[in-house]
Protein chains: 4
Amino acid sequence: MTTNDVKPAQATKTDAILDAATRHFSMHGFEVTKLSDIAKDAGVGVGTIYLRYEGKAELLGGVLDRAEQSFADAMNDPAIRDIPFPERFTAIISAIFKAADRERDLARLMALSAYASHAGAHETSHVLHAIKTHLQDGMDRNELRADVDLPLAARMAHGMVEGAMRAMMAEPARDPAAVIAQIAQASELWLCTPKPKG
Amino acid sequence: MTTNDVKPAQATKTDAILDAATRHFSMHGFEVTKLSDIAKDAGVGVGTIYLRYEGKAELLGGVLDRAEQSFADAMNDPAIRDIPFPERFTAIISAIFKAADRERDLARLMALSAYASHAGAHETSHVLHAIKTHLQDGMDRNELRADVDLPLAARMAHGMVEGAMRAMMAEPARDPAAVIAQIAQASELWLCTPKPKG
Amino acid sequence: MTTNDVKPAQATKTDAILDAATRHFSMHGFEVTKLSDIAKDAGVGVGTIYLRYEGKAELLGGVLDRAEQSFADAMNDPAIRDIPFPERFTAIISAIFKAADRERDLARLMALSAYASHAGAHETSHVLHAIKTHLQDGMDRNELRADVDLPLAARMAHGMVEGAMRAMMAEPARDPAAVIAQIAQASELWLCTPKPKG
Amino acid sequence: MTTNDVKPAQATKTDAILDAATRHFSMHGFEVTKLSDIAKDAGVGVGTIYLRYEGKAELLGGVLDRAEQSFADAMNDPAIRDIPFPERFTAIISAIFKAADRERDLARLMALSAYASHAGAHETSHVLHAIKTHLQDGMDRNELRADVDLPLAARMAHGMVEGAMRAMMAEPARDPAAVIAQIAQASELWLCTPKPKG
DNA sequence: AATGAATGAGAGTTCATTCAT
DNA sequence: GATGAATGAACTCTCATTCAT
């Protein structure tokens with residue numbers, strides 16, 4: 001494949017399929033979603049989906065991969081890696097929220113991992129991995145408490161963000177910045193090395 | 001049949017159905033679960049399920065109701081309400097974990113709310129409500145920070161516990177007591193009024 | 001069984017069952033009707049129906065038997081047998097319409113014969129048989145045309161009355177007496193020995 | 001495939017389905033008939049039926065429509081319209097019998113109208129309408145008695161033919177021509193303007 | 001005799017998947 | 001490569017029938 005994309009048509013169709021599939025899977029769930037609906041939404045025939053994915057589960061796999069990648073890319077932004085803790089918390093969480101705004105239904109999508117044929121691949125999500133990396137980095141720099149159980153803390157932080165997102169879904173009027181600030185503050189109090197007094 | 005044994009047969013059958021349904025729904029998901037499997041597992045005929053629940057969705061509703069109730073009961077134990085913060089965190093979290101041990105797959109179950117016909121009833125879960133009540137109580141007693149956004153913090157705490165549970169599922173060898181201690185510590189640092197120094 | 005009915009309770013229950021069954025079968029059809037509905041309508045338990053009838057088909061048989069008998073009784077009224085043709089036509093048809101008013105849905109019921117386990121018994125209906133007997137009687141008295149094919153004419157007359165009944169169902173405002181007069185006139189023109197002129 | 005052969009496959013399949021459905025519905029009734037049997041008989045998969053009809057009731061609707069149309073077409077043959085009464089009776093009845101030979105079980109089919117989702121459409125059957133038209137035509141030409149109640153007479157004639165058909169079903173050895181002659185004679189005596197004597 | 005909870009075979013319907021065009 | 005008509009396995013739900021009480 002050359003640098004300037006030779007198969008724009010196909011790429012476009014694949015994107016249309018992934019877009020439609022993301023929409024349907026996240027809004028209605030895996031089993032409820034009909035491939036024919038996705039095809040119609042994407043403006044292609046059902047058979048076309050089968051030219052790109054082995055089946056329904058593999059299509060979900062593709063959807064999850066793309067969504068996770070988008071999240072992970074945001075969090076792995078080198079610019080963020082240079083920020084010291086606790087300020088970095090705000091940057092990380094902002095990145096997650098920004099990605100979540102693009103991939104609006106990631107939270108719900110992630111719950112579908114179980115259906116993906118290669119579910120194992122998603123057992124440890126890219127997002128979770130990015131969180132772990134950031135925390136490890138903070139510990140290496142002595143900006144985070146050494147006595148923290150890293151894998152456990154990463155899961156807890158992950159859940160905390162999910163909980164905050166659910167709060168925003170339940171009360172859409174909330175100010176995202178304020179929510180981000182609350183999570184950042186909680187993270188700092190919980191994970192950062194206490195600042196020496198005085 | 002003893003005198004204080006009211007309709008044991010029917011109660012037993014309903015319980016068997018709910019037990020089997022909980023097992024299947026939480027382990028395999030709503031759509032994937034076949035009523036015939038639940039019936040077989042419960043040792044009853046399919047028709048018997050329909051004598052108690054209008055359909056599959058209503059059966060899930062019954063399962064969720066029972067599970068939520070069990071959790072909420074554990075957390076509303078009056079004995080817990082007398083413990084001051086931050087010690088109370090340990091008690092609450094222990095209660096959740098103990099209930100989770102009985103209702104092993106609550107976390108996964110809760111994700112199924114969408115399928116329940118009376119999903120609205122679960123919009124705000126009993127567990128979440130219990131958490132809110134405890135936090136409010138702590139704030140009234142000045143044991144928790146006054147500047148905490150209660151509804152948001154409750155969701156975040158809820159998510160944090162879910163995350164910890166996922167960690168335990170991923171690594172079953174973990175010591176539950178240690179996990180509980182980590183959550184309790186994080187909660188204390190994050191939510192408790194800082195103790196005066198000195 | 002003595003002359004004065006010893007088992008009024010059972011007879012009453014049987015009647016209630018037959019009444020309810022007649023209502024349901026004729027209004028909604030055989031397959032659509034649920035035994036539990038009939039039982040509820042009759043104020044008995046489902047099991048009670050099985051104490052009197054072998055099954056659903058046999059219950060329909062009982063319903064048809066009773067309805068047919070009621071019709072046949074009306075038409076076999078000795079008073080009618082003394083009337084000469086063509087006047088007798090009016091009496092016969094009036095009797096059918098009167099019975100149809102009591103057993104409101106006979107026409108629809110008869111269509112259900114196919115479902116009765118002893119359908120053979122109904123192949124030649126009582127009503128049809130009564131019509132045949134009357135026509136034979138008229139031929140014996142030379143009041144009806146000798147060249148009429150009796151079994152065929154009986155079926156045709158039967159159908160003609162059914163057609164008239166459908167007309168009344170379609171246009172309930174019709175005057176029954178006028179309808180009866182039309183059928184009687186048609187029968188006379190068609191079946192009676194032409195009166196000598198002059 | 002020739003040029004003037006438009007979508008033969010699909011048309012053929014639809015026809016096969018309608019043929020099989022007609023056979024099954026008329027021989028065994030609506031509820032008793034299984035879609036899987038119709039599909040097997042038609043040499044298609046069950047799903048194929050659902051590509052053409054919304055469900056079982058709509059399939060019956062399609063069957064009734066086609067059958068009625070076939071009958072009505074036979075009766076509306078312009079050649080018949082030119083024959084004067086009473087000779088026209090023979091032509092009409094012959095046409096009905098000929099169509100009945102093709103659509104062997106129309107009489108029984110018509111009784112199923114109740115199950116068709118668009119039953120209303122069949123309230124007044126095409127056949128009945130054709131009969132009415134012929135009678136009206138006869139009255140306009142002064143070939144039929146003016147004092148006949150047209151809608152009622154049409155229903156009665158319709159029923160008379162049905163009765164005759166039942167006679168033929170009960171006694172298959174009967175000569176159709178003789179049966180037709182009997183109906184035609186009855187119709188003439190009943191409906192035609194009496195011929196002036198002399 | 002009367003009941004109705006329990007049963008499970010069986011039907012309509014859906015939809016992922018295939019493949020001829 | 002693209003399509004969508006065709007397929008049939010598999011599901012939920014119903015209800016006649018049984019039988020313990």
Side-chain angles (χ1 to χ4, degrees), chain A residues 7 9-10 13-14 17 30-40 42-59, chain B residues 1 7 9-10 13-14 17 31-40 42-59, chain C residues 7 9-10 13 17 30-40 42-59, chain D residues 1 7 9-10 13-14 17 30-40 42-59:
Chain A
K7 293 187 181 176
Q10 175 163 322
K13 249 165 200 168
T14 300
I17 291 170
F30 179 74
E31 311 274 356
V32 166
T33 296
K34 291 180 269 184
L35 285 188
S36 60
D37 286 345
I38 293 177
K40 193 181 297 174
V44 303
V46 248
T48 307
I49 296 177
Y50 279 85
L51 292 175
R52 285 146 221 268
Y53 299 94
E54 301 245 327
K56 198 183 179 187
E58 287 72 23
L59 173 57
Chain B
M1 190 187 291
K7 289 199 187 189
Q10 177 162 321
K13 242 158 210 172
T14 300
I17 290 170
E31 313 274 357
V32 166
T33 297
K34 292 179 278 182
L35 285 186
S36 59
D37 287 343
I38 293 178
K40 195 181 295 174
V44 303
V46 242
T48 307
I49 297 177
Y50 281 85
L51 291 176
R52 287 146 220 269
Y53 300 94
E54 301 242 329
K56 201 184 177 186
E58 287 73 23
L59 174 57
Chain C
K7 293 186 180 174
Q10 174 163 322
K13 249 164 201 169
I17 290 169
F30 179 73
E31 312 275 356
V32 166
T33 296
K34 292 180 267 185
L35 284 188
S36 60
D37 286 344
I38 293 177
K40 193 182 296 174
V44 302
V46 247
T48 307
I49 296 177
Y50 280 84
L51 292 174
R52 285 146 222 267
Y53 300 94
E54 301 245 328
K56 199 184 179 188
E58 287 72 22
L59 173 57
Chain D
M1 190 187 292
K7 289 201 186 187
Q10 177 162 319
K13 242 160 209 171
T14 299
I17 290 170
F30 180 73
E31 313 274 357
V32 167
T33 297
K34 292 180 275 182
L35 285 187
S36 58
D37 287 343
I38 293 177
K40 194 180 297 174
V44 303
V46 243
T48 307
I49 297 177
Y50 281 85
L51 291 176
R52 286 146 219 268
Y53 300 94
E54 301 243 327
K56 200 183 177 189
E58 286 74 22
L59 173 57

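Sequence lines set the chain letters: A, B, ... in the order given, protein chains first and strands last, and positions in each chain run from 1.
Listed by first residue number, the stems of DNA chain F with at least three Watson-Crick or G-U pairs below 3.5 Å are E:2-21 with F:2-21.
Applying the side chain to side chain contact (heavy atoms under 4.5 Å, CB included) criterion to Ala42(C), with sequence neighbours excluded, gives Ala16(C), Ile17(C), Ala20(C), Val44(C).
For dA5(F), neither phosphate oxygen OP1 nor OP2 lies less than 4.0 angstrom from any side-chain nitrogen or oxygen of Arg52(D).
Proximity of Thr14(B) to Tyr53(B): side-chain heavy atoms (C-beta onward) are separated by under 4.5 Å at one or more points. Between Arg52(B) and Lys13(B) the shortest side-chain heavy-atom distance falls below 4.5 Å. Within the 4.5 Å cutoff, no side-chain heavy atoms of Val46(B) are placed close to those of Ile38(B).
In terms of modelled atom types and a separation under 3.5 Å, the side chain of Lys56(B) and the main chain of Thr33(B) share a donor-acceptor contact.
Nearest nucleotide to the side chain of Lys13(A), out of dA1(E), dA2(F), dT7(E): dA2(F).
Pairing each heavy atom of Ala39(D) with each of Gly45(D), the nearest pair is CB-C, 4.0 Å.
Put simply, CD1 on Ile17(C) is 11 Å from C1' on dA2(E), counting in whole angstrom units. The NZ-C1' distance, from Lys40(B) to dC11(F), rounds to 14 Å in whole Å. When the C1' atom of dA16(E) is taken as reference, atom OH of Tyr53(A) falls 17 Å away, rounded to whole Å. Atom P of nucleotide dA5(F) and atom CD1 of Ile49(D) are separated by 17 Å, given to the nearest angstrom.
With DNA chain F read from its 5' end, the first of the two nearest nucleotides for Leu51(A) and Leu51(D) is the one closest to Leu51(A). A residue-by-residue look at Val44(D) and Gly43(A) shows that Gly43(A) has its nearest nucleotide of DNA chain F further toward the 5' end.
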If a protein heavy atom is under 4.0 Å from the base, mark B; if only from the sugar-phosphate, S; if neither, -; do that for nucleotides 14-21 of chain F going 5' to 3'. BSSBB---
